[in-house]
Amino acid sequence: MPLFSSPKSKRVLIAVGGGIAAYKVCELVSTLFKSGVELRVILTKSAQKFINPLTLATLSRHQAYTDNNFWQPIYSRPLHIELGEWADVIVIAPLTANTLAKLAYGMADNLLTNTVLASTCPVLLAPAMNTDMWEQAAVQRNWQQLLTDSRFYGMETGSGLLACDRIGAGRMAEPAEIFIYIQSLLYTQGKKDLMGKQVLISAGGTREYLDPVRFIGNPSTGKMGLALAQAALHRGAKVTLIHCPASWKVPLGVTGISVVSAEEMQQAMLKELLNADIIIMSAAVADVKPRDYSTEKLPKRSLPENLPLIPVPDIVAEIGNRKQPHQYLIGFAAQTGHIVKPAREKLQRKKLDAIVANPIDKIGSGFGSDDNEAVFLDKEGREVEIPACSKLEMAHYLFDFVV
């Protein structure tokens, strides 16, 4: 039997509240269906003013339910009981102030709220409302009260231009972010085993500049570090992500620190090290940098035929020497050919607690890919091979391995 396994059941109930952000749910439902998730959709009475049930029924390939279905005795069992027991994850998006208040006080006067009370699965909340509404003391009190229930997972609101022309907090999380969170909840089944933990992660490839436009670098995109940050956040941790230039955005709820060079990453990692419980060095840090730096772009004719190089700081080795007994340090080893032996040597040499050995010479894994495969090793001698899977799934496998 494998040590880790993907969730067999993927049943998601999407509950749509009444707000302009309801239009974004169409993209979420379409993406979930394409990923193989089985879907059901509920719309509140207010939600139907913004989006038609037929639209979501078409995208989900199943009837979209409304309160009209709830009050009609046409089902063998009460509809809210059937839906509550059926779902592996419930998502409420957008979550309005009205529905939030009902959930916080256990009220049930429509299909959505009755279904939540009739369920035991994780509930993911994606609030959306005007900034002044979101910042009201009563709304924030309800929000914090609801999140004390271990069943509920709250996504932070984004900031920007709202439909009311106000610029501020209150934007619903984007469909892509909600989709990732749902994937995590299907995997973890709602466990928050990193609650109270501080996780420090490095991601991406450092750049060592010769002049303002030329640098020594590598193909790392930071996608693995991003997935680790998402997985840790979804399991309840407070996450700091120190990242090199990347095409993606730091997830809502994660503290992001942008760096470029190995020296900048070293300074940022050491500054954050004291508060961390788990440190994951997934960044591809340069080994050397040009000895000389020109503040102006060098003409092609002035480029040296032999480029003098000097070492950069060995960040993971320094952290290995500095870490405290309660801290857990995980390194990455991107290798070609036989990956286990050099990874285990690195594990011991740099005083790591665990290491992830990645084959970067296989198609569909390693730098820039959406998937990965690896061998996990730790200082106790465990060795677990993880077959090809998504990087988010790989991140959850790693936390299962170390937690």
Side-chain angles (χ1 to χ4, degrees), residues 12-32 41-53 55-56 59 64-67 89-117 119 122-149 151-182 185 233-234 249-254:
V12 177
L13 172 62
I14 305 292
V16 187
I20 186 61
Y23 81 92
K24 294 183 178 180
V25 178
C26 295
E27 179 184 343
L28 175 62
V29 170
S30 178
T31 303
L32 284 166
V41 180
I42 291 174
L43 294 92
T44 65
K45 184 177 180 180
S46 297
Q48 295 172 68
K49 297 180 184 295
F50 295 92
I51 189 169
N52 192 299
T55 301
L56 292 174
L59 293 172
Y65 299 105
T66 69
D67 284 346
V89 172
I90 294 175
V91 182
I92 305 179
L95 172 70
T96 63
N98 185 47
T99 299
L100 170 60
K102 292 176 182 180
L103 294 175
Y105 288 94
M107 297 173 64
D109 65 349
N110 60 12
L111 178 57
L112 188 161
T113 50
N114 274 274
T115 300
V116 171
L117 288 187
S119 66
V123 181
L124 179 61
L125 308 169
M129 63 194 76
N130 164 269
T131 303
D132 290 329
M133 294 174 66
W134 175 243
E135 293 178 350
Q136 287 290 332
V139 172
Q140 287 301 308
R141 182 171 61 248
N142 291 339
W143 179 245
Q144 296 304 323
Q145 177 179 322
L146 191 55
L147 294 183
T148 62
D149 187 327
R151 282 189 64 205
F152 291 92
Y153 290 75
M155 299 194 71
E156 290 195 9
T157 62
S159 295
L161 178 64
L162 307 181
C164 59
D165 290 331
R166 175 71 184 273
I167 297 177
R171 289 176 61 91
M172 190 178 82
E174 294 302 317
E177 294 178 292
I178 301 174
F179 174 70
I180 293 294
Y181 214 135
I182 293 170
L185 290 176
L233 177 70
H234 301 162
K249 293 182 179 179
V250 175
L252 291 173
V254 171

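Numbering starts at 1 and runs along the sequence shown. This one's a predicted model, so the numbers in the text were calculated from it and none came from an experiment.
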Legend entry - Nearest-0.5 Å distance that lies between atom CE in Met129 and atom CG in Leu95: 6.0 Å
Legend entry - Residue list, side chain to side chain donor-acceptor pair (under 3.5 Å) with Thr44, at least two apart or on another chain: none
Inset, instruction - Return each pair, listed once, that meets salt bridge (charged side-chain N to carboxylate O under 4.0 Å, His left out) where at least one residue sits in residues 90-109; pairs must be two or more places apart or across chains. - result: Lys102-Asp109
Inset, instruction - Apply side chain to side chain contact (heavy atoms under 4.5 Å, CB included) to the pair Phe152 and Val116, showing each step before the final yes or no. - result: CA-CA 10 Å; Phe152 291 92; Val116 171; 4.1 Å; yes
Legend entry - Pairwise distance CG(Leu43) to CD1(Ile14) - rounded to 0.5 angstrom: 11.0 Å
Inset, instruction - Might you point out which heavy atoms bring Met107 and Thr113 nearest each other, and give the distance in Å? - result: O-CB, 3.5 Å
Inset, instruction - Nearest 0.5 Å please: distance from the CD1 atom of Ile182 over to the CD atom of Glu177. - result: 12.0 Å
Legend entry - Shortest non-hydrogen separation from Leu252 to Leu233 and the atoms involved: O-CD2, 3.4 Å
Inset, instruction - Decide yes or no for Leu185 and His234: does some side-chain heavy atom of the first lie under 4.5 Å from some side-chain heavy atom of the second? - result: no
Legend entry - Thr157 to Gly170 - nearest heavy-atom pair and separation: OG1-N, 3.5 Å
Legend entry - Aromatic plane relationship, Tyr153 with Tyr181 - under 30° parallel, 30 to 60° tilted, over 60° perpendicular: perpendicular
Inset, instruction - For Thr115 and Leu111, indicate whether the former's side chain and the latter's backbone hold a donor-acceptor pair under 3.5 Å. - result: yes
Legend entry - Considering all heavy atoms, the nearest Met172-Ala21 contact: CE-O, 3.7 Å
Inset, instruction - Evaluate side chain to side chain contact (heavy atoms under 4.5 Å, CB included) for Ser46 paired with Thr96, printing each intermediate quantity in order. - result: CA-CA 10 Å; Ser46 297; Thr96 63; over 6 Å; no
Legend entry - Stepwise side chain to side chain contact (heavy atoms under 4.5 Å, CB included) check, Ile178 with Met155: CA-CA 8 Å; Ile178 301 174; Met155 299 194 71; 3.7 Å; yes
Legend entry - Step-by-step side chain to side chain contact (heavy atoms under 4.5 Å, CB included) determination, Phe50 to Ile20: CA-CA 6 Å; Phe50 295 92; Ile20 186 61; 4.1 Å; yes
Inset, instruction - Please collect all salt bridge (charged side-chain N to carboxylate O under 4.0 Å, His left out) contacts where either partner lies in residues 132-142, sequence neighbours excluded, each pair once. - result: Asp132-Arg166
Legend entry - Distance in Å, Asn110 CG paired with Ile42 CD1, rounded so as to fall on 0.5 Å steps: 8.5 Å
Inset, instruction - Can you measure from CG (Leu146) to OH (Tyr105) and round to the nearest 0.5 angstrom? - result: 11.0 Å
Inset, instruction - Compare all side-chain heavy atoms of Ile90 with those of Ser119 and state whether any distance is below 4.5 angstrom. - result: yes
Inset, instruction - Measure across Pro94 and Val16 and return the closest heavy-atom pair with its distance rounded to 0.1 Å. - result: CD-CG1, 4.1 Å
Legend entry - With Val29, the side chain to side chain contact (heavy atoms under 4.5 Å, CB included) member among Leu56, Val12, Thr55: Leu56
Inset, instruction - List the atom of Glu27, the atom of Pro175, and the distance in Å for their closest heavy-atom pair. - result: OE1-CG, 3.7 Å
Inset, instruction - Measure the CD1-OG1 distance between Ile180 and Thr31 for me, rounded to the nearest 0.5 Å. - result: 10.0 Å
Inset, instruction - Decide yes or no for Leu32 and Phe179: does some side-chain heavy atom of the first lie under 4.5 Å from some side-chain heavy atom of the second? - result: yes
